[in-house]
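Inspection log for the structure reproduced underneath, given as C-alpha cells.
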Amino acid sequence: MKLKKIVAAVLGTAVALSAAMPLVACNKNSGAPSSLGCASNFDIDDYIDELDVYGELSSSRKGITSATKLNADDETRVSRYGEIMVFRGNNGFRVYNTAAERFIAENLSTQPDPSYVGNIPALRLNDGDKTAYLAYDGTTLLPMDEYYDTTAETNYYYVGGDTVKTKIHVVNGIKRSGGGMTTNYFKVETDENTGVTRYVPVDKTALSEFPSGKYEEGAYVSSRAQIYSSEYPVEGEISKYEYAIFNNTYKFYKDDAETGKVNVGYGDVLGFVGNYMYYKTERPVAPDCASYNYVKYENDIAKKYVYKLYRYDIVSASLSELSYNVKLEELIPVYNKNAKTYDAAMISCYETSDGVFVEPDDERYIKPYMTDANLNIAIDFTDKIGFPSYKLSDDRYLAAGFDSNSYMMITDADGNYVTDVARDSLYAEEKLIKFYANGKYGLKDYDGKIAVAPKYDSIGKFFGGYAHASVTENGKTKSVLLDKTGATRDVPQNDPDNEVYVSFSENGWYKVIKKSKDFNVNPYTAEFFDYASTTIKRFSDLNYYAALDLTILNNILTVGSDYYFVK
C-alpha cells in the first residue's frame with residue numbers, strides 16, 4: 001500500500017494506530033529491513049499531537065460569553081462574502097474576517113463590491129484611486145492594486161522542485177500606468193477537511209514545466225528553499241540550511257554560502273529526514289546481464305534493473321551508498337513536536353526474493369515501517385492496519401486504518417483495538433463518542449459502554465457541559481439540553497401559534513423571541529442564552545418584527561440594524 005494513500009501529512013494530520021500494535025518496541029519480523037538495526041530511545045509520544053482539532057466535536061466549549069456592540073452608526077449595513085463581512089461604520093467601510101476575528105481593512109471611502117480576479121471570486125477594496133482584491137477565503141490579499149482588466153487561467157506546474165504538479169492560478173492584468181501586461185501566479189491550496197480554497201502568491205522563478213531530475217539539460221533552476229518548509233517550526237543545525245535544484249544537481253547553502261552538492265543523475269529523491277537527503281536510482285540493464293537486483297514487469301515482460309539507495313549528509317557534505325535488504329518505495333518525514341525537527345520517517349518498501357527485488361502486483365505486499373533518521377526501524381507496521389495519530393487524555397489513541405475507507409477507532413496505550421469512532425463524533429473533554437443505532441443517536445464512553453441510550457434524533461456539540469439534542473416523544477419532536485450522564489434540561493419550545501420562536505445555533509447559544517404582553521409598548525423581546533440557560537443578552541423595544549432577522553455569522557450577531565461581536 002502506498003503511504004500517500006494513508007497519510008495526508010504525517011502525524012500533524014496522520015491517520016491511524018493499529019490493533020495489537022506495540023508502540024515503542026522495534027519488533028522486527030523476517031521481512032523488516034534488518035541491516036540498519038533498531039532505533040534506540042524512540043518515544044512515539046514525541047510524534048503524537050494532543051487531540052484538539054479532530055472534527056468539529058472535539059472539545060467542549062463555553063459558547064457565547066459576551067456580546068459587544070460594534071462601533072458603527074445607525075446607518076450600518078452588512079454584507080457577507082464567504083468568510084468576509086463588510087460594514088459601513090462611522091468612518092467609512094470596514095472589512096471583517098470572521099475566521100481570523102479581526103478587521104482587515106478600515107476607513108474605505110467607497111463600499112467594497114464583489115468581483116473576480118480572473119475566475120477567483122474576490123472582493124474589490126476601493127480607497128480613492130487605489131484598488132486591491134481580497135479573495136473570498138479572507139486570507140489572501142491579491143497583489144493586483146496596480147492592474148485592471150484582469151483575465152486568468154489555471155495551469156499545472158512543478159513548484160520549487162516538487163515532484164508532483166500543483167494547480168497554479170495564472171492572473172494577467174494590464175497596468176494602469178500603461179506598463180503593459182503583467183502576470184501573477186497563485187498556488188491553489190484546498191483544505192481537504194473544510195473545502196476552503198486559498199491562493200498563495202508564488203514567484204515565477206519557482207515554477208517549472210519539468211519535475212526535479214526529469215528534464216533536459218538547462219531546462220530548469222529552482223529558487224532556494226528551506227530543507228524543511230512547513231507549518232511546524234524546525235530548530236537545530238539543519239534549520240540553517242537551504243537548497244536549490246540545478247537540473248539534476250541539488251546544491252546546499254548555509255548563510256548564503258554553498259556547502260555542498262550532490263548529483264542525483266536520473267534518480268528519484270525520496271525526501272529529507274534529520275540531516276539527510278535520501279534518493280534511489282534504478283538503472284536498466286540488458287536482459288542477459290547477471291548483475292541486477294530488481295525485476296519489474298511491464299506488459300508481462302520482466303525487465304532487469306540495478307537498484308541503489310543513497311544518503312547525502314547535508315551538514316557534513318558527504319555521500320554514501322546504503323546496503324538495505326528491502327527496496328524503498330516511499331519516504332515521508334515525521335515531525336517531532338518536542339525536538340522541533342523532522343527526525344523520523346514513515347517508509348514503504350518491499351523485500352527480496354533470493355536476493356532480487358520483485359515488484360509486487362498486490363499493494364498488500366508493500367511493507368510500512370516507522371524509522372528514525374538513519375532508517376533504523378522504530379515500529380513495524382507490517383500486517384497492521386495503521387499507525388499513531390492523536391493521543392487522547394487517558395493514554396489512549398484515536399486511530400484509523402491505512403485503508404482510506406476504513407473506520408476510525410480508539411485503541412489502548414499498547415495499540416489494541418477498543419471501540420469504533422465515527423468521523424466527527426468524538427467529544428474529547430467529555431470522553432464520549434456519539435454513535436448511531438436503529439435510526440437514533442446515543443453516546444458511549446471510550447470503553448464502548450453505552451452512557452446515553454440511542455433515542456435522540458440529533459446530538460450537537462457540547463458547550464459548558466451541555467449539548468443541544470432533539471427527541472421525538474408521542475409523535476412530537478422537541479429540543480432538550482443533554483449532559484454527559486444522559487440527564488436533560490427543558491428549554492422553551494418553538495411555538496409559532498403563540499408567537500414564540502426558538503432556535504439553536506451551532507456555537508453554544510440559543511435565542512427565544514416572544515411577543516410581549518403589552519404589544520403596544522414592547523412588541524417583541526429577544527433573549528440569548530448559553531447552554532447553561534444563563535442570559536447572555538436581552539433586547540426589547542423592537543418596533544417591528546422584521547428587525548428580528550437574527551443570525552449568527554461566525555462571531556457577528558445581528559439584531560435589526562445593530563451588530564454585535566460575540567465571544
Side-chain angles (χ1 to χ4, degrees), residues 3 6-18 21-28 33 36-54 224-243 250 252-255 259-260 269-279 311-318 320 322 328 330-348 368-381 386-393 395-399 413-415:
L3 289 179
I6 58 175
V7 189
V10 177
L11 297 192
T13 53
V15 292
L17 177 69
S18 70
M21 179 184 62
L23 295 183
V24 180
C26 180
N27 196 38
K28 289 184 281 184
L36 293 183
C38 183
S40 61
N41 301 320
F42 192 93
D43 187 353
I44 189 63
D45 286 346
D46 290 347
Y47 304 88
I48 302 298
D49 284 337
E50 281 291 333
L51 180 99
D52 57 1
V53 293
Y54 174 72
R224 288 192 201 175
Q226 293 295 125
I227 301 299
Y228 301 104
S229 55
S230 73
E231 61 183 298
Y232 303 114
V234 174
E235 298 179 352
E237 180 68 14
I238 195 64
S239 66
K240 304 173 185 177
Y241 285 82
E242 297 177 309
Y243 75 100
Y250 279 66
F252 297 90
Y253 302 85
K254 180 183 176 183
D255 299 327
T259 61
V269 173
L270 293 164
F272 298 101
V273 187
N275 293 342
Y276 306 125
M277 180 182 78
Y278 288 93
Y279 70 97
R311 178 172 68 200
Y312 180 75
D313 189 320
I314 298 165
V315 175
S316 66
S318 60
S320 57
L322 301 181
L328 202 60
E330 191 171 7
L331 178 152
I332 300 176
V334 182
Y335 184 68
N336 185 326
K337 62 182 176 63
N338 289 328
K340 291 184 172 57
T341 186
Y342 287 86
D343 60 0
M346 281 296 300
I347 66 171
S348 65
Y369 304 96
M370 190 170 182
T371 76
D372 64 12
N374 293 302
L375 299 190
N376 294 314
I377 302 303
I379 302 177
D380 182 346
F381 292 99
F387 59 88
S389 177
Y390 292 107
K391 188 176 183 180
L392 302 175
S393 57
D395 290 330
R396 305 189 194 201
Y397 292 92
L398 178 67
D414 295 321

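With values rounded to the nearest 0.5 angstrom, Tyr47 atom OH is found 4.0 Å from Asn336 atom CG. Summarising the geometry, atom CG belonging to Leu331 is positioned 10.0 Å from atom CE belonging to Met346; distances are rounded to the nearest 0.5 Å. Expressed to the nearest 0.5 Å, how far CG of Leu328 lies from OH of Tyr278 amounts to 9.0 Å. Taking CG of Leu270 as the start and OH of Tyr276 as the end, the distance is 15.5 Å to the nearest 0.5 Å. Considering OH of Tyr369 and CG of Leu375, their distance stands at 12.5 Å, rounded to 0.5 Å. One distance of note links CG of Asp46 with CG of Asn41; it measures 10.5 Å at 0.5 Å rounding.
A side-chain contact (heavy atoms from CB on, under 4.5 Å) with Val315 holds for exactly one of Glu237, Lys254, Lys240; it is Glu237. Across Tyr228, Phe272, Tyr342, a single residue satisfies ring-ring contact (aromatic ring centres under 6.0 Å, His included) together with Tyr335, and that is Tyr342.
Under a 3.5 Å cut-off, the side chain of Ser318 and the backbone N or O of Asp313 do not form any donor-acceptor pair.
In plain terms, the two heavy atoms of Val273 and Ala345 that are nearest each other are CG2-CB, 3.8 Å. Between Gly260 and Ala317, the shortest heavy-atom distance links the atoms CA-CB, 4.4 Å.
Under the 4.5 Å side-chain criterion, counting only non-hydrogen atoms from C-beta, Phe252 is in contact with Met277.
A search for side-chain contact (heavy atoms from CB on, under 4.5 Å) contacts involving Gln226 returns Ser229, Glu242, not counting sequence neighbours.
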